[in-house]
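Note: hydrogens, waters and symmetry copies are ignored here, and every other heavy atom, side chains too, is used. Numbers here are sequence positions counted from 1.
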Amino acid sequence: MSLVYNRDGLSKLKPPVVLQEFVNHGGVIFKVYVVGDYVKCVKRKSLPDVNEENLGSLKGSLSFSQVSNLNCVERSGDSYYKMMDLDDGKTEIPPMKLLVDIASGLRRAMGLHLFNFDVIRDDRIGNRYLVIDINYFPGYAKMPSYEHVLTDFFWDVLNRTNKKEIDLDLDLDLDSDTSGCQNEGSMLISSNADVDDGSANRILVVDEKENPIQV
């Protein structure tokens, strides 16, 4: 991936490419992990903000492997490192209700139960959040307590699958028993044949447990 600063940098890219606007976001990215109904948000270091006043002096583009990788990002000044210290208590997690709503919408739209998405906060407008990436089955090793969360999720999936199979078997058994009762216990027989007492059109109600009774 590359961060492109000007037309010269854009012209040097080899198509096909996917373009995405860069938004200053305080150098912090929020990675939201979804496991079924479970939603967990963690803070990660990201690309630093770009000073628009310095765009003219920047090179055409800057390559990097991923948004949260800072190995090839030019860094300077103590203030930058303090800003990147995500344990300073100053970087707030987005509202959990917002993240849960986004996760629910993506889950319904994609039909997935295991995925994650990346969110940034617009540095110009504090309450504006942007979803910049969606990954199916991400690396959950980076999510706190992932072992327990994934174990509980797969155990629940297994139990629900087994329960559905048992319920289906019971439904089939009930349907079979009901069909048998209807065939054996609710049979109406109409006959026009002559009987010993000379009457006609006898109707027999056959009961499963009793002998035939004439009515």
Taking only residues at least two apart or on different chains, which pairs with a member in residues 12-23 satisfy salt bridge (charged side-chain N to carboxylate O under 4.0 Å, His left out)? Asp8-Lys12
Indicate yes or no: at least one non-hydrogen side-chain atom of Ile132 is less than 4.5 angstrom from one of Ile29. yes
Got a sec, which residues hit salt bridge (charged side-chain N to carboxylate O under 4.0 Å, His left out) with Asp156, two or more places apart in sequence or on another chain? Arg160
My understanding is that only residues two or more places apart in sequence, or in another chain, count here; which of them pass ring pair (Phe, Tyr, Trp, His ring centres under 6.0 Å) with Phe22? His25
Tell me who clusters with Leu13, hydrophobic residues only, linked when side chains sit under 4.5 Å apart either directly or through other members. Val4, Leu10, Val17, Leu19
Would you please name every residue forming a salt bridge (charged side-chain N to carboxylate O under 4.0 Å, His left out) with Arg121, sequence neighbours left out? none
Asn135 versus Phe115: any side-chain heavy-atom pair under 4.5 Å? no
Listed once per pair and sorted, the salt bridge (charged side-chain N to carboxylate O under 4.0 Å, His left out) pairs that draw on residues 97-106, sequence neighbours left out: Lys97-Asp101
Remaining members of hydrophobic cluster (4.5 Å side-chain criterion), Leu158: Trp155
Give the minimum heavy-atom separation between Tyr136 and Leu112, together with the two atoms involved. CB-CD1, 3.8 Å
Would you call Leu3 and Ser61 a side-chain contact if the rule is heavy atoms closer than 4.5 Å? no
Using modelled atom types and a 3.5 Å cut-off, is there a donor and acceptor pairing between side-chain atoms of Lys45 and backbone atoms of Val28? no
So which atom in Asn24 and which in Asp49 form the shortest heavy-atom distance, rounded to 0.1 Å? OD1-CA, 3.3 Å
Going by the rule side chain to side chain contact (heavy atoms under 4.5 Å, CB included), which residues pair with Val131 if we only count those two or more places apart in sequence or in a different chain? Ile102, Phe117, Val119, Ile134
Residues that Val100 engages under side chain to side chain contact (heavy atoms under 4.5 Å, CB included), provided they are two or more places apart: Val39, Met96, Ser104
Counterpart residues, side chain to side chain contact (heavy atoms under 4.5 Å, CB included), relative to Arg7 (two or more places apart): none
Quick one: sort the Phe153 and His113 rings into parallel, tilted or perpendicular, breaks at 30° and 60°. tilted
Would the number of heavy atoms belonging to other residues, nucleotides or ligands and lying under 6.0 Å from CG of Asp123 be above 12? yes
Measuring from Asn116:CG to Cys41:SG, what's the distance to the nearest 0.5 Å? 10.5 Å
Under the criterion side chain to side chain contact (heavy atoms under 4.5 Å, CB included), I'd like the reasoning laid out for Arg44 against Lys142: C-alpha separation, chi angles, the key distance, then a yes or no. CA-CA 10 Å; Arg44 290 286 183 268; Lys142 300 177 182 179; 4.0 Å; yes
Does a side-chain heavy-atom distance below 4.5 Å link Val50 with Tyr5? yes
Electrostatic pair Asp37-Arg107, nearest N-O below 4.0 angstrom: yes
Residues two or more places apart in sequence or in another chain: which of them pass side chain to side chain contact (heavy atoms under 4.5 Å, CB included) with Tyr146? Tyr140, Ala141, Met143, Leu150
Find the distance between CD1 (Ile125) and CG (Asn127) and round it off to the nearest 0.5 Å. 7.0 Å
Same apolar cluster (I L V M F W Y, side chains within < 4.5 Å links), Tyr33/Phe137: yes
Sequence neighbours left out, what passes salt bridge (charged side-chain N to carboxylate O under 4.0 Å, His left out) with Arg124? Give chain and number order. Asp122
